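Sharing a structure below in structure tokens format, with a few things to ask.
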Amino acid sequence: MTKILLTGATGFVGARTLNALAAKGADVVAVTRGAPGRTAPNISWLKADLTQAEDRARLVREAGATHLLHLGWRAVYGDVSNSPENIDWLGHSLALARHFIEAGGQRIVGCGTCFEYDWRQGVCVEELTPIAPSTLYGSAKHAFHVALEGFARSGKFSLAWARPFFIYGEDENPTRLVASVAHALLEGRPAETSHGRQIRDYLHIDDVAEGLAALALSDAAGAYNIASGQAITLKDIIFELANQAGRPDLVRLGARQAQPYEPPIIVGDTRKTFEAIGWKARIDLKTGVGMTLEGMRARKKAS
């Protein structure tokens, strides 16, 4: 019987992935450092701090899981390229994976990032685009993947690696683009952004969660983009938010400098993922922005 150990289960991505796994009938052991999240007949919770060696060993032992879907990683915003916490979490993640493998775990699905790719290529294809991360975050994630691949050569477990692209949704960190613009508009403040000509691959958090759940429950091995496959300018995303919020007058394109290292285009190719697990993003930008704004309005009203 399949039992999935899900780390990061109360985070932005993890909480939605837990919902997706539960909806598919998966037996999930969810991990939290604090209060448990949602409950359901097929969800159980274990409290553990993944930064503590004794907790990692105990967690694997008590969970008795066949699959590990590892989403736990210290979210670092603003200084993602330099934070040494990425190195710390590389070590924590490797130690957890080792415990899981030595306990007889059958499958690991790790969560990487599009930050692993050489962004100078523009369109990122799993087997073709070079891996050349330009941030410490991307480097740490890639190092984890390489180490897991070495473990997997033993033939004792199967390995899949997800590379999500740019994610948005009502619960995301307020410093990120969609959230920062949406909060400003809903609060009647100017939404100050860069020129907005950058082309990116954005997808709604619910699509990401469905993709991760589908990958975890499949037999697919290798690396897979979790992306929309759609190229869209940041300007178009910003004005979709502004128009649906009814405040296009508050948009201030060019008020902030674009980062000098930002490439003009970052888009994920999705053919391999669809062929392997039958998943593709289904929430278009208009719908996803509407869902995001609706959720944010409800939270502001409740607070």
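All values derive from a computational prediction rather than experimental measurement. Side chains are part of it too, since the values below use all heavy atoms of this structure and drop only hydrogens, waters and symmetry mates.
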inquiry  = Taking Val109 as the starting point, is it possible to reach Leu94 by hopping between hydrophobic residues whose side chains are less than 4.5 Å apart?
reply    = yes

ask   = Val123 and Leu203: same hydrophobic cluster, using ILVMFWY side-chain contacts below 4.5 Å?
value = no

ask   = How many angstroms lie between OG1 in Thr233 and CD1 in Ile238, if you round to the nearest 0.5 Å?
value = 8.0 Å

query = If you group Ile, Leu, Val, Met, Phe, Trp and Tyr by side-chain heavy-atom gaps below 4.5 Å, do Val267 and Tyr117 land in one group?
reply = no

request  = Consider only side-chain N and O atoms of Trp161 and Glu116, and report whether a donor and an acceptor are under 3.5 Å apart.
outcome  = yes

query = Would a distance-only check, ignoring hydrogens and angles, find a side-chain to backbone donor-acceptor pair under 3.5 Å from Thr7 to Gly72?
reply = yes

note = Between Leu90 and Ala140 the two heavy atoms that sit nearest each other are CD1-O, 3.6 Å

message = With heavy-atom distances below 4.5 Å as the criterion, would you say the side chains of Ser139 and Pro133 are in contact?
response = yes

task = Could you tell me whether the side chains of Asp207 and Trp279 share a donor-acceptor contact shorter than 3.5 Å?
result = no

note = Residue set satisfying side-chain contact (heavy atoms from CB on, under 4.5 Å) with Asp27, at least two apart, ordered chain then number -> Met1, Lys3

ask   = Hey, is the main chain of Leu50 close enough, under 3.5 Å, to the side chain of Arg56 for a donor-acceptor pair?
value = yes

task = Kindly state each residue pair satisfying ring pair (Phe, Tyr, Trp, His ring centres under 6.0 Å) with at least one member in residues 197-244, sequence neighbours excluded.
result = Phe166-Tyr202, Tyr168-His204

Report all side-chain donor-acceptor pairs from residues 147-158 shorter than 3.5 Å, counting only partners two or more places apart or in another chain.
unit_1, atom_1, unit_2, atom_2, d
Ser154, OG, Phe151, O, 2.8
Ser154, OG, Lys156, N, 3.3
Ser158, OG, Arg107, NH1, 3.0

remark   = With sequence neighbours left out, the residues meeting side-chain hydrogen bond (donor to acceptor under 3.5 Å, both in side chains) with Asp171 are Arg16, Arg299

message = What verdict does the salt bridge (Lys or Arg N to Asp or Glu O under 4.0 Å) test give for Glu126 and Lys272, after you've listed the backbone C-alpha separation in whole Å, the side-chain angles of each residue and the deciding distance to 0.1 Å?
response = CA-CA 8 Å; Glu126 292 92 339; Lys272 178 185 176 185; 5.6 Å; no

note = Taken to the nearest 0.5 Å, the spacing of Glu240 CD from Lys235 NZ works out to 14.0 Å

Glu172 side chain to Ala179 backbone, donor-acceptor under 3.5 Å = yes

Salt-bridge contact Glu62-Lys47 (side-chain N to carboxylate O under 4.0 Å) = no

Residues Asn225 and Thr273: side-chain donor-acceptor under 3.5 angstrom = no

message = I'd like to check the ring pair (Phe, Tyr, Trp, His ring centres under 6.0 Å) partners of His92; sequence neighbours left out, ordered by chain and number.
response = Trp89

query = Which is it for Ser228 and Phe165 under the side-chain contact (heavy atoms from CB on, under 4.5 Å) test, yes or no, and what are the steps along the way?
reply = CA-CA 8 Å; Ser228 73; Phe165 278 64; over 6 Å; no

query = Do Phe100 and Gln106 have side-chain heavy atoms sitting under 4.5 Å apart?
reply = no

inquiry  = Going by side-chain contact (heavy atoms from CB on, under 4.5 Å), name the residues that satisfy it together with Gln121, two or more places apart in sequence or in a different chain.
reply    = Asp118, Thr129, Pro130

remark   = In terms of heavy-atom contacts, Asn42 and Gly25 come closest through ND2-C, 3.6 Å

task = Check whether any side-chain heavy atom of Asp88 sits under 4.5 Å from a side-chain heavy atom of Arg74, and report yes or no.
result = no

inquiry  = If you define the side chain from C-beta out and look only at heavy atoms, does anything of Leu96 sit under 4.5 Å from Val60?
reply    = yes

ask   = What is the minimum heavy-atom distance between Gly268 and Asp201, and which atoms define it?
value = N-OD2, 3.0 Å

inquiry  = Any carboxylate oxygen within less than 4.0 angstrom of a Lys/Arg side-chain nitrogen, looking at Lys24 and Glu210?
reply    = yes

ask   = Do Arg282 and Lys280 touch side chain to side chain, with heavy atoms closer than 4.5 Å?
value = yes

remark   = In terms of heavy-atom contacts, Ala220 and Ile277 come closest through CB-CG2, 3.9 Å

ask   = Restricting to pairs with a member in residues 17-71, which pass ring pair (Phe, Tyr, Trp, His ring centres under 6.0 Å), not counting sequence neighbours?
value = His70-Phe144

key: All salt bridge (charged side-chain N to carboxylate O under 4.0 Å, His left out) counterparts of Asp219, not counting sequence neighbours   = none

inquiry  = If you count heavy atoms of other groups shown closer than 6.0 angstrom to CZ of Arg98, is the number above 12?
reply    = no

request  = Quick one: pull up CG in Leu68 and CG in Leu6 and give me the separation to the nearest 0.5 Å.
outcome  = 9.0 Å

remark   = Tightest non-hydrogen contact, residues Val28 and Leu21, listed as CG2-CB, 3.8 Å

key: Val208, Ile205, Leu212 screened by side chain to side chain contact (heavy atoms under 4.5 Å, CB included) with Thr17, the one that passes   = Leu212

request  = Kindly indicate, with the supporting measurements, whether the criterion side-chain hydrogen bond (donor to acceptor under 3.5 Å, both in side chains) is fulfilled by Asn86 and Ser83.
outcome  = CA-CA 6 Å; Asn86 288 297; Ser83 173; 4.6 Å; no

message = Return the CZ to SG distance between Arg163 and Cys111, rounded to the nearest 0.5 Å.
response = 11.0 Å

Less than 3.5 Å apart, which donor and acceptor atoms pair up between the side chains of residues 186-193 and the rest of the protein, not counting sequence neighbours?
unit_1, atom_1, unit_2, atom_2, d
Glu187, OE1, Arg189, NE, 2.9
Glu187, OE1, Arg189, NH2, 2.8
Glu187, OE2, Lys300, NZ, 2.8

remark   = Rounding to 0.5 Å, atoms CE (Met296) and CD (Glu170) come to a distance of 7.5 Å

query = In terms of hydrophobic clustering (I, L, V, M, F, W, Y; side-chain heavy atoms under 4.5 Å; direct or indirect links), are Ile199 and Ile167 co-clustered?
reply = no

message = Surrounding CZ of Arg297 (heavy atoms of other residues, nucleotides or ligands, distance under 6.0 Å), is the total greater than 12?
response = yes

inquiry  = Distance check, rounded to the nearest 0.5 Å: Ile265 atom CD1 versus Arg200 atom CZ?
reply    = 8.5 Å

query = Leu215 and Ala162: which non-hydrogen atoms are nearest, and at how many Å?
reply = CD2-CB, 3.9 Å

Crowding at CD, Gln257 (>12 non-hydrogen neighbours, <6.0 Å) = no

task = Apply ring pair (Phe, Tyr, Trp, His ring centres under 6.0 Å) to Trp119 and list each qualifying residue two or more places apart in sequence or on a separate chain.
result = Phe115

Check: residues 283-294 side-chain donor-acceptor pairs under 3.5 Å, at least two apart:
unit_1, atom_1, unit_2, atom_2, d
Asp284, OD1, Lys286, N, 3.4
Asp284, OD1, Thr287, N, 2.8
Asp284, OD1, Thr287, OG1, 2.7
Thr292, OG1, Gly288, O, 2.8

request  = Report the residues that fulfil salt bridge (charged side-chain N to carboxylate O under 4.0 Å, His left out) with Arg271, sequence neighbours left out, ordered by chain and then residue number.
outcome  = Asp269

